[in-house]
Amino acid sequence: MYAKVIVDVPAKQTNRAFDYEVPASLTKWVEVGSRVGVPFGPRVLQGFVVELHADTQVDVKRIKPILNVLDLVPPLTEELVMLGRWVSRMYLCHEVTALQAMLPAALKAKYERMIGVGEESGEQALLEMSDLQEIVRFVKSKGSVSMDALMERFASEGALIKQLLSAGILTEEQKVKDRMNTKKALTVFPPAGGLGLEEALLELPARANKQKDVLRYLLEHPHAIRLTALMETIEVGASTVKSLADRGWIELREVEVMRDPYAGRAFARTKPLPLTEEQTGVFTEIRDAVAAERNEVFLLHGVTGSGKTEVYLQSIQQCLDMGKEAIVLVPEISLTPQMVERFKGRFGDLVAVLHSRLSNGERYDEWRKITRKQVKVVIGARSAIFAPFTQIGLIIIDEEHESSYKQEESPKYHTRDVAVQRAKQQNAVVVLGSATPSLESIELTKRRRDREKPPFRLLTMRERVANRPMPPVAIVDMREELKNGNRSMFSRSLYKAIEDRLQKKEQIVLLLNRRGYATFVMCRTCGFVSSCPHCDISLTYHQSSRMLRCHYCGYAEREVTQCPSCQSEHIRHFGTGTQRVEEELSKIFPGIRVIRMDVDTTTEKGSHEKWLTMFREKQADVLLGTQMVAKGLDFPDVTLVGVIAADTVLNIPDFRSAERTFQLLTQVAGRAGRHEKQGEVFVQTYTPEHYSVQYASQHDYIAFANHELDIRANLGYPPYQRLILVTFSHESVPLLVRSAEAFVTRLKEIAMEYSTKQMDLFANVVSMDSSFHMDVLGPVASPISRIKDRYRFQCVVKYRGEDQAADIVGRTVAWFEERSAKEKLQISVDVDPQYLM
DNA sequence: AGCACGCCGACT
DNA sequence: GTCGGCGTGCTC
């Protein structure tokens, strides 16, 4: 029997399966999806089994055996291996990178070279050298040492150690290990039925009171108990218990325990809530599809507060009733304890939670609940789409429009597209939910090809539960404010509203979009802006440390008080960071209690939840923050929402900026007045006439979508054409330009080979047949033209039609890598990019 | 990605 | 004459 194995080397040359023999002793354990240790050239590597073949005939000269299997249960299923192949083709990454992305970080391979002392004494002449003897003695005293430890101890003797190895005086064994250990805890095991404990009690000397306490307790509770728990309940020391174990009356040994981040938290069980008529209609559609095991994608457009979550919960229940599993994906930022509580409250221990705030160990343990079939529902961020379930009935993606569903590192997959593919493989139902669906998704509910029905089916919920009206949104024209002499960042109307809420002791949410609007330092005399010496961006001012920091490479320098360029003292930080808003608030409203939430205040583990809890408990009047305050939060006493500057998103040069502005405004507007009290929203802007601002204030998604789709169609942007962003980087600009241009030329050549028609050179366009059309923009300097001293150029491939484009670009990249590898030219490909930078 | 094999300069 | 520079090519 032999296996095809993908080895853990993400390189073009090794991006294929290698054949290995499955030794008879391992046939029971090796499955498709197994992680194995295999010899690869001179080293030992981790690999993934992607195929198994019963025959022994292999067309390879010499075949090596699989050395070991790393898990009792394969961490990947056959279906996930298939999905991995799809991801690597679709997003142009190495197959092993795709497979690796499906596993928790804890399972990332760790390689260890263990050094021991060899059998033979070796050549006497060598052994007599004193430093050699020292090395050998050192290794001998430890039994075996890792190569790293040895090199650290004898740093200057690298060559000698090599000699000792080749002479056989030292031996080397390579090991593939997990990065993670399972957690163990000492556990006390009384004999079955407390047998013999009575006698032990009599045997103990009279003054051994503590030991007697332990025995009495165990007689009453004759079952295994964690040592720490026992010590706490009857207040004894560890030594007391150990001495009992030493005498053989009880057993004390290490047992693997699960790290449960939600341990000790009781979740009040909830029952399904009655659905409104509208909810019922939507739920019925989803339930029927799940019940029929029909592979179908629903786009659920439901306004904020329309009760999407309850529909999700009841759909999942249907899925569980059929013995199937469900995956719920939520943007990282809205995966709050409240959210978890709703799912744990309904489904209890059948739920595993995967999010990035968990430690590697905790995440690993949650993940293992899936492979052990202890759970049926997974709720998590992006990567939870790869949960190793085998009977998926339903995949839900909440806030489907969120750009965080696109992974920014390789594999640069979009969770929504992976979900649709995975549902196809498992014949499952997908529900994409949003108050502001992405234009990609809404377009797929309209598209009709060959008079077939559209790929996605639209479901709509227009009403908020309990018929609460959408809050009125007031657009405030900041140009008028300026004209009237108000130079503060708060308009008069917002000022009055804040004053009013403070008086009524109601709460306020203020939103400031930070992206592209960070505080930077500028000289008011000469216009000098402090920027990073390695990257093409201005440095950001951090008040807490009084430092200027680069967001890309981490470079930091002290705050300057004098302009480095013209020596002027008129230098200060600009831009409205949350810190400045906070300062101004306190100035205008003395005594106001503000909670600020931004990257600076939420990096610490758990701080995010801490602030929100404080706000919920009304320990503050204002919650001030960046985007993270806009998502899914639900506070009953918030009656005022203010957007300080709506234009910051709008002015980013990106074809999706109108869409993002609309989404953001709609979301914050949904934060106000979700409960009995009526809410009010103020949006401050310098471009009040913009359609994204207008439609958002009218709560009219459909009108916005139609307007924006028209624009996209005219400009040939997604969803009507798709994009692939190719970025090149190198220290030398001339080389970069030459290479990028060569790439584009070759790309067009390769495209021509696919083509059936002549390339229209004049229009810079490749037309193949009526269904396929490709266009290359650039190369041009990237918007961020330098990162870490490497200059960046990019080109955008725009295409319409089937997925030949990824193939064409893939082939061009392969050609390019071959001829530019030695020049250290980096190339990165992003299929369906979310940001063109 | 590593690591070995292989072919040309500055040393014992 | 050798030690070692890193260019090229392979890993089942």
Side-chain angles (χ1 to χ4, degrees), chain A residues 1-27 30-70 81 85 88 92-101 103 108-115 126 146-148 150-151 156-168 170-177 179 409-411 729 735 813-829:
Chain A
M1 184 152 89
Y2 78 96
K4 289 202 172 286
V5 174
I6 303 275
V7 293
D8 186 21
V9 182
K12 181 179 156 281
Q13 308 219 55
T14 48
N15 189 28
R16 62 192 177 87
F18 289 83
D19 298 323
Y20 285 90
E21 189 206 318
V22 182
S25 59
L26 295 181
T27 47
V30 177
E31 292 173 51
V32 171
S34 292
R35 269 190 324 150
V36 292
V38 290
F40 194 67
R43 14 179 216 156
V44 174
L45 291 179
Q46 184 201 72
F48 294 94
V49 176
V50 292
E51 276 175 52
L52 272 178
H53 295 271
D55 47 327
T56 41
Q57 283 204 317
V58 188
D59 48 345
V60 179
K61 284 156 251 156
R62 52 184 195 288
I63 182 164
K64 291 182 182 175
I66 289 173
L67 300 177
N68 56 336
V69 180
L70 297 171
V81 168
R85 187 160 300 165
S88 70
L92 298 170
C93 72
H94 302 119
E95 211 167 325
V96 69
T97 311
L99 296 175
Q100 214 77 258
L103 301 179
K108 216 160 178 250
K110 190 169 110 187
Y111 297 102
E112 211 168 46
R113 302 169 65 182
M114 293 301 289
I115 308 298
L126 269 175
S146 77
M147 187 64 157
D148 291 345
L150 192 64
M151 290 302 261
S156 53
E157 315 283 10
L160 268 175
I161 293 171
K162 253 188 188 159
Q163 267 185 43
L164 287 171
L165 280 168
S166 58
L170 293 182
T171 56
E172 182 190 357
E173 193 192 354
Q174 294 188 41
K175 277 189 176 159
V176 187
K177 283 182 143 186
R179 202 160 284 255
E409 308 97 60
S410 185
S729 76
L735 178 74
V813 171
W815 165 86
F816 185 85
E817 279 177 334
E818 227 157 82
R819 65 185 280 284
S820 65
K822 46 186 172 289
E823 287 163 318
K824 289 196 281 182
L825 235 151
Q826 273 177 24
I827 181 168
S828 124
V829 183

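Values reported hereafter were calculated over all heavy atoms of this structure, with side chains retained and with hydrogens, waters and symmetry mates removed. By convention in this document, chain letters (A, B, ...) are assigned in the order of the sequence lines, proteins followed by strands, and residues within each chain are numbered from 1.
- If you measure from atom CD1 of Ile66(A) to atom P of dC12(C), you get 13 Å, rounded to the nearest angstrom.
- The side-chain contact (heavy atoms from CB on, under 4.5 Å) search around Leu67(A) returns Pro39(A), Val44(A), not counting sequence neighbours.
- Applying the side chain to side chain donor-acceptor pair (under 3.5 Å) rule to Lys64(A) yields no partners; only residues at least two apart in sequence or on another chain are considered.
- Judged as a side-chain contact (heavy atoms from CB on, under 4.5 Å), and not counting sequence neighbours, the contacts of Val30(A) are Val22(A), Leu26(A), Val49(A), Leu52(A), Ile66(A), Val69(A).
- The interatomic distance linking Gln13(A) (CD) with dA1(B) (P) rounds to 10 Å, in whole Å.
- Between the P atom of dC12(C) and the CZ atom of Arg62(A) lies a distance of 6 Å, rounded to the nearest Å.
- Atom CG of Leu45(A) and atom P of dT11(C) are 14 Å apart (whole Å).
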Collect all protein-nucleotide pairs involving nucleotides 3-6 of chain B in which both atoms are nitrogen or oxygen and the distance is under 3.5 Å.
none

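- Every residue two or more places apart in sequence or in another chain that forms a side chain to side chain donor-acceptor pair (under 3.5 Å) with Glu51(A) is listed here: His53(A).
- Annotation: side chain of Leu735(A) is in contact with side chain of Leu825(A) (closest heavy-atom distance under 4.5 Å).
- Across all strands, Phe40(A) comes closer than 4.0 Å to base atoms (heavy-atom distances).
- Ring-to-base geometry does not place Phe18(A) in a stacked arrangement with dC12(C) (centre distance under 5.5 Å, plane angle under 30° required).
- Here dT11(C) presents its C1' atom at 7 Å from OH of Tyr20(A), a figure rounded to the nearest Å.
- The side chain to side chain contact (heavy atoms under 4.5 Å, CB included) test with His94(A) is passed by exactly one of Ser410(A), Ser88(A), Pro411(A), Pro10(A): Pro10(A).
- One atom, NZ of Lys12(A), and another, P of dC10(C), lie 12 Å apart when rounded to the nearest Å.
- Among the atoms of the strands shown, none is found under 4.0 Å from any heavy atom of Glu21(A).
- The interatomic distance linking Ile63(A) (CD1) with dT11(C) (C1') rounds to 14 Å, in whole Å.
- The distance from atom CD of Gln46(A) to atom P of dG2(B) is 14 Å, rounded to the nearest whole Å.
- Scored by the salt bridge (Lys or Arg N to Asp or Glu O under 4.0 Å) test, Arg85(A) finds Glu95(A) as partners (sequence neighbours excluded).
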